[in-house]
**Q** 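What follows is a structure written as structure tokens; I'll ask about it next.
Since we're looking at a predicted model, the values are computed, not measured.
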Amino acid sequence: MKRLAVLPAVCCWIACLSAGAAPAFRDRTAELGIGLGNDAACCVDVDNDGWTDLISGGAVWRNKAGKGFEKLADMGACVAADFDNDGWTDLFCWSGLKLYRNEAGKAFREVAMPPMATNCRGACWGDWNNDGFVDLYVGGFEDWDRQVTYPRYVIVNNGGKSFTITWSDATYRTRGVTACDFMRTGTPAVYASNYRLQPNCLMVGDGFGSFTNRAAGLNALATSEGFDGGHSIGAAWGDFDNDGWMDLFAGNFAHRDSRGDQPKSRFLRNTGPAAGFRFDDKGTCGVFYQESYASPAAGDFDNDGRLDLIFTAVYGVASFGVPNYPVLYRNGGAFAFTDVTTAAGVAQLPPTYQAAWADFDQDGKLDLVCGGKLFGNQAAAGSWLRVRLEGDGNRVNRSAIGAQVRVRTKDRVFTRQVEAGTGEGNQNDLTLHFGLGDHVGPVSLEVLWPGGKVQTVRRAATGRTLVVRFRG
């Protein structure tokens with residue numbers, strides 16, 4: 001019954017656009033003066049001016065109050081977090097396996113890292129040992145010609161002064177990695193997307209820096225009967241059904257062979273503590289078949305309170321003449337997703353692994369970086385709230401990586417997390433964005449900080465950016 005109930009709303013939204021309303025997105029790349037490449041995108045405020053900057057195209061691009069961008073530094077593909085808790089967001093360049101300290105938003109200086117011999121396609125930050133400093137999980141892919149699988153690494157931060165490799169393994173061909181405290185224990189887990197029909201890994205942390213792969217026991221392998229795993233490239237965490245628990249979308253590159261379609265992409269619903277946090281495989285939920293799906297990113301682009309999904313593709317037109325383009329899926333509720341790519345104005349984007357969300361002009365609507373373009377969101381804003389969390393740099397890392405916020409209205413709950421790594425090597429903005437649907441008036445917030453402390457904010461005004469600082 002619930003699934004049927006949301007369909008008229010979806011159809012109405014599409015019909016309104018088809019009837020002549022402006023599409024949600026407009027390509028603003030040229031007018032903003034940004035030389036945006038087609039590599040992974042990292043959205044983060046590097047100069048602490050309150051405006052989200054962008055790292056892509058081999059450069060750090062400084063946001064000039066939403067009116068344009070200027071090049072600040074040269075840089076490869078990155079994930080960002082304040083590793084030394086000095087108040088400035090630093091950059092781990094996973095494409096070059098180098099770490100750069102942020103020098104007061106004016107420049108970046110390379111910091112020594114332990115040597116890594118790997119082919120990395122993505123990494124993520126998280127405080128694996130709950131010491132108040134963010135650590136790294138670095139993926140390791142392959143050299144297909146040499147038939148070599150490269151190692152992935154857990155790298156622990158030594159109080160912001162140095163880093164130590166504490167674990168490595170070359171069993172799986174890992175591409176995207178992304179972290180989440182999906183059990184709400186105060187300690188994050190890492191989901192590793194593995195290629196070549198290998199099962200994905202759900203690395204659950206113990207709070208002391210060690211991990212156990214619990215993907216099989218928690219039904220998080222993202223595969224189909226007859227296969228050990230999929231050709232997974234990237235995954236995205238998000239509370240897709242607004243029940244307060246973080247779910248997963250696992251993206252699979254699904255070839256066809258003598259067995260039929262290899263494992264398709266799927267939504268994995270977090271069943272919560274009542275069912276031991278086992279994931280319920282919901283299947284495709286409206287995500288139609290394309291062979292070359294790649295990197296997903298979740299964000300509520302229409303501010304209805306439900307997380308939508310941009311899902312890239314990398315073939316363009318496949319060898320069989322079948323188009324493969326990035327697709328924007330609108331979440332209609334009850335795990336029913338609808339293709340709104342054309343109506344929203346983002347049809348036929350080029351082959352890309354790039355997908356990330358941020359509100360670059362602070363108008364209360366998420367903008368999209370995908371396919372070498374920055375799309376401004378020009379839809380009606382509706383009700384919204386932006387939340388920026390700040391750790392104390394002692395018990396909680398300054399960037400608040402790993403924190404979750406639940407926003408409660410009279411009859412709904414909306415959950416978002418601060419994450420540094422999604423899909424394959426991308427990063428959404430650290431400032432959390434909440435679309436609130438038709439809600440009017442103040443809201444209450446519950447912040448779950450890394451380490452497990454819960455902090456409550458009551459009667460927060462909406463339509464603004466709210467800063468919440470950790471209170472120990």
Side-chain angles (χ1 to χ4, degrees), residues 37-40 58 76-79 92-98 115-124 136-154 165 167-178 190-201 203 213 215 221-224 226-235 250-266 289-296 311-322 324-326 350-355 371 421-426:
N38 199 11
D39 58 339
C78 294
V79 287
F92 177 67
C93 176
W94 56 260
S95 60
L97 300 175
K98 294 181 179 181
M116 290 171 275
T118 194
N119 173 14
C120 183
R121 299 295 293 262
C124 69
L136 277 166
Y137 191 105
V138 178
F141 189 41
E142 66 178 11
D143 183 327
W144 178 249
D145 292 334
R146 296 172 55 207
Q147 292 293 288
V148 173
T149 299
Y150 287 100
R152 49 195 171 131
Y153 298 97
V154 171
I165 294 174
W167 176 86
S168 66
D169 175 77
T171 303
Y172 299 103
R173 300 174 180 92
T174 301
R175 299 191 67 157
V177 292
T178 182
V190 175
Y191 193 73
S193 298
N194 299 323
Y195 204 63
R196 304 283 180 209
L197 296 177
Q198 291 186 315
N200 291 347
C201 296
M203 309 297 291
N213 183 11
L221 297 174
T223 188
S224 304
F227 295 90
D228 292 329
H231 290 297
S232 290
I233 291 180
N252 282 341
F253 193 117
H255 296 300
R256 285 179 166 144
D257 63 12
S258 59
R259 295 168 289 185
D261 294 348
Q262 292 175 0
K264 296 178 183 178
S265 304
R266 58 233 303 118
Y289 177 80
Q290 285 191 138
E291 185 176 7
S292 71
Y293 276 133
S295 189
F311 198 10
T312 75
V314 294
Y315 271 175
V317 175
S319 57
F320 299 103
V322 179
N324 277 239
Y325 295 114
T352 185
Y353 293 99
Q354 179 189 81
T422 192
E424 187 188 75
N426 294 279

**Q** To the nearest 0.5 Å, tell me how far Asn38 CG sits from Tyr353 OH.
**A** 10.5 Å

**Q** Could you work out, with side chain to side chain donor-acceptor pair (under 3.5 Å) as the rule, every residue matching Ser232, not counting sequence neighbours?
**A** Asn200, Asn252

**Q** Distance from Met116 atom CE to Lys98 atom NZ, nearest 0.5 Å?
**A** 11.0 Å

**Q** What residues form a salt bridge (Lys or Arg N to Asp or Glu O under 4.0 Å) with Lys264, not counting sequence neighbours?
**A** Asp261

**Q** Report the residues that fulfil side-chain contact (heavy atoms from CB on, under 4.5 Å) with Ala235, sequence neighbours left out, ordered by chain and then residue number.
**A** Thr178, Tyr191, Ser193, Leu248

**Q** Take Phe92 and Leu136 through the side-chain contact (heavy atoms from CB on, under 4.5 Å) test and state the conclusion after the steps.
**A** CA-CA 9 Å; Phe92 177 67; Leu136 277 166; 3.8 Å; yes

**Q** Excluding sequence neighbours, so at least two apart, what forms side-chain contact (heavy atoms from CB on, under 4.5 Å) with Ser292?
**A** Phe253, Ala313, Val314, Tyr315, Asn324

**Q** By salt bridge (Lys or Arg N to Asp or Glu O under 4.0 Å), which residues pair with Asp143, not counting sequence neighbours?
**A** Arg146

**Q** Begin with the C-alpha distance, continue with both residues' side-chain angles, and end with the deciding distance and a verdict on side-chain contact (heavy atoms from CB on, under 4.5 Å) for Ser295 and Asn426.
**A** CA-CA 8 Å; Ser295 189; Asn426 294 279; 3.3 Å; yes

**Q** Run the side-chain contact (heavy atoms from CB on, under 4.5 Å) test against Trp144 and tell me which residues pass, sequence neighbours left out.
**A** Glu142, Gln147, Arg196

**Q** Quick one: list whatever passes side chain to side chain donor-acceptor pair (under 3.5 Å) with Asp39, sequence neighbours left out.
**A** Ser56

**Q** Assess the residue pair Glu291 and Arg256 against the criterion (side-chain contact (heavy atoms from CB on, under 4.5 Å)); give the C-alpha distance rounded to whole Å, side-chain angles, the decisive distance to 0.1 Å, and a yes or no.
**A** CA-CA 8 Å; Glu291 185 176 7; Arg256 285 179 166 144; 5.8 Å; no

**Q** Could you walk me through whether Tyr325 and Thr312 satisfy the side-chain contact (heavy atoms from CB on, under 4.5 Å) test, starting with their C-alpha distance in whole Å, then the side-chain angles of each, then the deciding distance to 0.1 Å, before giving a yes or no?
**A** CA-CA 7 Å; Tyr325 295 114; Thr312 75; over 6 Å; no

**Q** Write down the atom of Ala40, the atom of Gly425, and the distance for their closest heavy-atom approach.
**A** CB-O, 3.3 Å

**Q** Hey, what do you get for CZ (Arg175) to CZ (Arg121), rounding to the nearest 0.5 Å?
**A** 4.0 Å

**Q** Write down the atom of Cys93, the atom of Gly76, and the distance for their closest heavy-atom approach.
**A** SG-CA, 3.6 Å

**Q** Checking Thr223 now: which residues fulfil side chain to side chain donor-acceptor pair (under 3.5 Å) with it, not counting sequence neighbours?
**A** none

**Q** So among Trp94, Phe141, Tyr150, which one has a side chain to side chain contact (heavy atoms under 4.5 Å, CB included) with Cys120?
**A** Trp94

**Q** Taking all heavy atoms of Leu197 and all of Pro263, pick out the closest pair and write down the distance.
**A** CD2-CD, 4.0 Å

**Q** If the condition is side chain to side chain donor-acceptor pair (under 3.5 Å), which residues does Asp169 pass it with, not counting sequence neighbours?
**A** Arg152, Thr171

**Q** Kindly write out the residues that satisfy side-chain contact (heavy atoms from CB on, under 4.5 Å) with Gln198, not counting sequence neighbours, or none if the list is empty.
**A** Tyr172, Arg173, Asn194

**Q** Quick one: list whatever passes ring pair (Phe, Tyr, Trp, His ring centres under 6.0 Å) with Tyr293, sequence neighbours left out.
**A** Phe311

**Q** For a quick test of reading the model, state the closest non-hydrogen atom pair linking Ala77 to Ser95 and the distance between them.
**A** N-OG, 3.0 Å

**Q** Of all the heavy-atom pairs spanning Gly37 and Gln354, show the shortest one and how long it is.
**A** O-NE2, 2.9 Å

